[in-house]
**Student:** 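First, the structure itself, so that you have it in front of you.
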Amino acid sequence: MKTSHSRSHPAVNQSRKASNPPQSRLKSPAPLHSNGHAHPKDAAHAKTTAVTTAPPKGISKSLTGIRGLDELTFGGLPRGRSTLICGGAGSGKTLLAIEFLVHGARDYKEPGVFVSFDETVTELAENIASLGLDLPALIQRKQVIIDHVTVDRSEITATGDFNLDGLFVRLDCAINAIGAKRVVLDSIETLFAALPNEVLVRAELRRLFDWLKATGLTTIITGEQGEKMLTRHGMEEYISDCVVFLDHRTINQVSTRRLRIIKYRGSLHGTNEYPVMIDHQGISVLPISSLTLNYAASNKRVSTGIERLDTMLGGKGFYRGSSILVSGTAGTGKTSLAASFATQICKQGERCLLLPMEESPAQLIRNMGSIGLDLATPIKSGLLHVRSIQPAVYGLEGHLLHLHHLVTELTPSVVILDPITNLGAIGNALEIKAMLTRLIDFLKSKGITTLLTSLTGSESPLENSAVGISSMTDTWIMLRMIQTPTERNRLLYVLKSRGMAHSNQMREFNLTNKGIDVLDVYTGTSDDYTGAGRLNRKALDQSRALAERQTAEQRERELNLEHRSLQIQIAMLQTRAVGIETEKAYAREQVRLLAETQHADKGRMAIARHAD
């Protein structure tokens, strides 16, 4: 067994001269705290990084420092026990192991030893330098020891003997040299590749795991995937306390990585497959952020940027932290509505992240400028961040993790994806739905308002979100086209909006040089009219109303004339009636006077005749 070492651990070179057996210098397993939990520093870190569900009581754990993995394991890998990281070539086994070691030394004050059977110290340092991990500095500060061990098959063939006593001695010296708490062996297949005897391999594997467990150190062992088993020898997964499987697959010509925790003795853990991405920040695992759906729900509202649409949403717009879906066929104005919302957010001094999948930033600025939306100014001020990306650049998990990084970096109050249906090029409907479920969950847990646009096919049902996420969104706005023999007109309506009163009316809207102008749909006697039809119908109705008004006014004038004529006639009749009454009075007076005269004449005649 040939070895090459890092310059930072001369004690390792003396390991062949050590007289005491390694077992005499082994440290006892790290004691658990009385409550069975990890070190307080680990617990404090877990509190800030773990999911909202409190980690269950159980074995002591060591935080990995790898984004997402500590959440899935409820606090890290088993302290003082062995963990097997297995998977195919390029799945990220070595990177996960080296990050575990580096984070332990740098962040948790737990020095570590890395024994590599494949890569030299220089190669490892160069490979992880692009991730911002300074391995030589850790070696110089004696926080990490890297030992490259080369197994020469010719030596084993010549001597016919093989055992791990030399490895145990080397490990023990390296561990004692820096007080190591963590150990990595990468990879175990290389160590046993030269052995033709499967019985001997299994015996030495058992011996290796027993020795590592006796040290009380937290250990990672990497292993290559077998044809029908997790590992080539098919034994490591049974004797390890924790088994993590990494998978590197290609779907629709797009490379994707997944992680699954096969088993974890003494602890609950996430059991599903989880997306993994390797980027300039290292390896990331993406669990669902809130396992119990206990994120906060805000009562505050945010304007849509379109006054009439705000009116349709109870007069105040969307709820903050909610998820909005805008769907419709091509050309209905989905991107314009999303850009109006982004512009409004920036006017309020808040940060917005816009991720178009069909247009470059320059093209989007030009196109939205044609309807009076100025995106250039908020981009220059740093309030609007437009990150255009082709769907095929990443797999679904890559897009999800890329967005995680952007949200962490930019801390926006609004995130817009336009359109989510373009993800269909890299995944099927179920995979896209799972990805968007995680996305919406993550953004809601951060209190970020999310707007997603979705393209509906011309032959698909209108009230269909294409990727099946309508039930997960809080507000769903439908855009559609009304087609006549001569033109097409746009309509919008609110299909649903949880927690608020909203309009059930359809509204016509136009894309003008001053933004989106929402109009009332013109309703006739039996039909609704839009566009030129609305204008023609409105003009016709106005013409008819004018004619009817003129007819009514003419009739009113005629009646007024007749009324005045009748009033004159009434006045004349009243005058005649007064004259008749006067004549009647005169006649009555004449009759009275005649009667009095006749009576007087009779009296005088009687006196003249000397009548009695």
Side-chain angles (χ1 to χ4, degrees), residues 51-52 288-290 292-327 334-356 373 375 378-379 381-387 400 403-420 436-454 465 469-479 492-503 515-516 518:
V51 292
T52 54
I288 293 179
S289 303
S290 177
T292 55
L293 296 176
N294 60 352
Y295 37 72
S298 174
N299 288 320
K300 296 180 179 180
R301 306 282 278 272
V302 56
S303 172
T304 65
I306 305 168
E307 184 177 356
R308 290 295 300 275
L309 182 55
D310 287 345
T311 302
M312 295 175 69
L313 294 167
K316 298 179 181 178
F318 306 126
Y319 278 121
R320 284 190 178 274
S322 64
S323 54
I324 303 104
L325 175 65
V326 179
S327 61
K334 300 180 295 297
T335 301
S336 300
L337 192 148
S340 297
F341 184 42
T343 303
Q344 177 63 30
I345 292 299
C346 296
K347 286 180 179 178
Q348 298 172 184
E350 301 177 47
R351 191 175 290 113
C352 176
L353 173 60
L354 174 58
L355 293 96
L373 298 178
L375 300 184
I379 288 176
S381 67
L383 292 176
L384 179 60
H385 296 265
V386 180
R387 303 294 176 88
L400 193 54
L403 196 142
H404 267 242
H405 297 334
L406 288 176
V407 168
T408 303
E409 175 188 350
L410 302 175
T411 62
S413 61
V414 170
V415 171
I416 299 173
L417 268 70
D418 176 46
I420 57 174
L436 292 174
T437 299
R438 295 174 187 231
L439 171 62
I440 293 173
D441 177 83
F442 167 68
L443 295 175
K444 278 194 172 185
S445 69
K446 299 290 185 181
I448 296 172
T449 308
T450 310
L451 190 147
L452 311 173
T453 70
S454 173
S465 63
I469 64 162
S470 57
S471 61
M472 296 185 290
T473 56
D474 301 302
T475 299
W476 188 2
I477 297 175
M478 283 290 302
L479 307 181
L492 70 79
Y493 61 96
V494 181
L495 190 59
K496 76 169 185 178
S497 192
R498 292 171 179 161
M500 69 174 73
H502 56 276
S503 173
I516 296 179
V518 179

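Being a predicted model, the structure only gives us computed values, none of them experimental.
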**Student:** Take Lys444 and Ser323, measure what side-chain contact (heavy atoms from CB on, under 4.5 Å) needs, and give me the verdict at the end.
**Tutor:** CA-CA 8 Å; Lys444 278 194 172 185; Ser323 54; 3.7 Å; yes

**Student:** Sequence neighbours excluded, which residues qualify as side chain to side chain donor-acceptor pair (under 3.5 Å) partners of Glu350?
**Tutor:**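 Glu350 satisfies side chain to side chain donor-acceptor pair (under 3.5 Å) with Arg320, Gln348, Ser413 only.
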
**Student:** Taking the side chain as everything from C-beta on, heavy atoms only, tell me whether Val414 gets closer than 4.5 Å to Leu451.
**Tutor:** no

**Student:** Does any non-hydrogen side-chain atom of Val415 lie less than 4.5 Å from one of Leu406?
**Tutor:** no

**Student:** Take Leu403 and Leu443, measure what side-chain contact (heavy atoms from CB on, under 4.5 Å) needs, and give me the verdict at the end.
**Tutor:** CA-CA 10 Å; Leu403 196 142; Leu443 295 175; 4.1 Å; yes

**Student:** Test of understanding: with salt bridge (Lys or Arg N to Asp or Glu O under 4.0 Å), list the residues that count as partners of Arg387, not counting sequence neighbours.
**Tutor:**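 Expected list: none.
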
**Student:** Excluding sequence neighbours, so at least two apart, what forms side chain to side chain donor-acceptor pair (under 3.5 Å) with Ser503?
**Tutor:**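 For Ser503, no residue satisfies side chain to side chain donor-acceptor pair (under 3.5 Å) once neighbours in sequence are set aside.
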
**Student:** Would you compute the distance between atom CG of Leu337 and atom CD1 of Ile306 and round it to the nearest 0.5 angstrom?
**Tutor:**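 Reported to 0.5 Å precision, the distance equals 4.0 Å.
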
**Student:** So which heavy atom on Thr449 is nearest to which on Gly321, and how close?
**Tutor:** OG1-N, 2.9 Å

**Student:** My understanding is that only residues two or more places apart in sequence, or in another chain, count here; which of them pass side chain to side chain donor-acceptor pair (under 3.5 Å) with Thr475?
**Tutor:** Ser497

**Student:** How would you list, by chain and number, every residue that makes a side-chain contact (heavy atoms from CB on, under 4.5 Å) with Arg308, sequence neighbours excluded?
**Tutor:** Arg507, Val518, Asp520

**Student:** Looking at residues at least two apart in the chain, or sitting in another chain, which of them share a side-chain contact (heavy atoms from CB on, under 4.5 Å) with Thr311?
**Tutor:**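 Thr311: no side-chain contact (heavy atoms from CB on, under 4.5 Å) contacts found.
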
**Student:** Residues two or more places apart in sequence or in another chain: which of them pass ring-ring contact (aromatic ring centres under 6.0 Å, His included) with Tyr319?
**Tutor:**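 By the ring-ring contact (aromatic ring centres under 6.0 Å, His included) rule, Tyr319 matches no residue at all.
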
**Student:** Only counting residues at least two apart or in another chain, list the ones meeting side-chain contact (heavy atoms from CB on, under 4.5 Å) with Lys446.
**Tutor:** Phe442, Ile448

**Student:** Residues two or more places apart in sequence or in another chain: which of them pass side-chain contact (heavy atoms from CB on, under 4.5 Å) with Asp310?
**Tutor:** Ser303, Thr304

**Student:** Of all residues at least two apart in sequence or in a different chain, which pass the side chain to side chain donor-acceptor pair (under 3.5 Å) check with Arg301?
**Tutor:** none

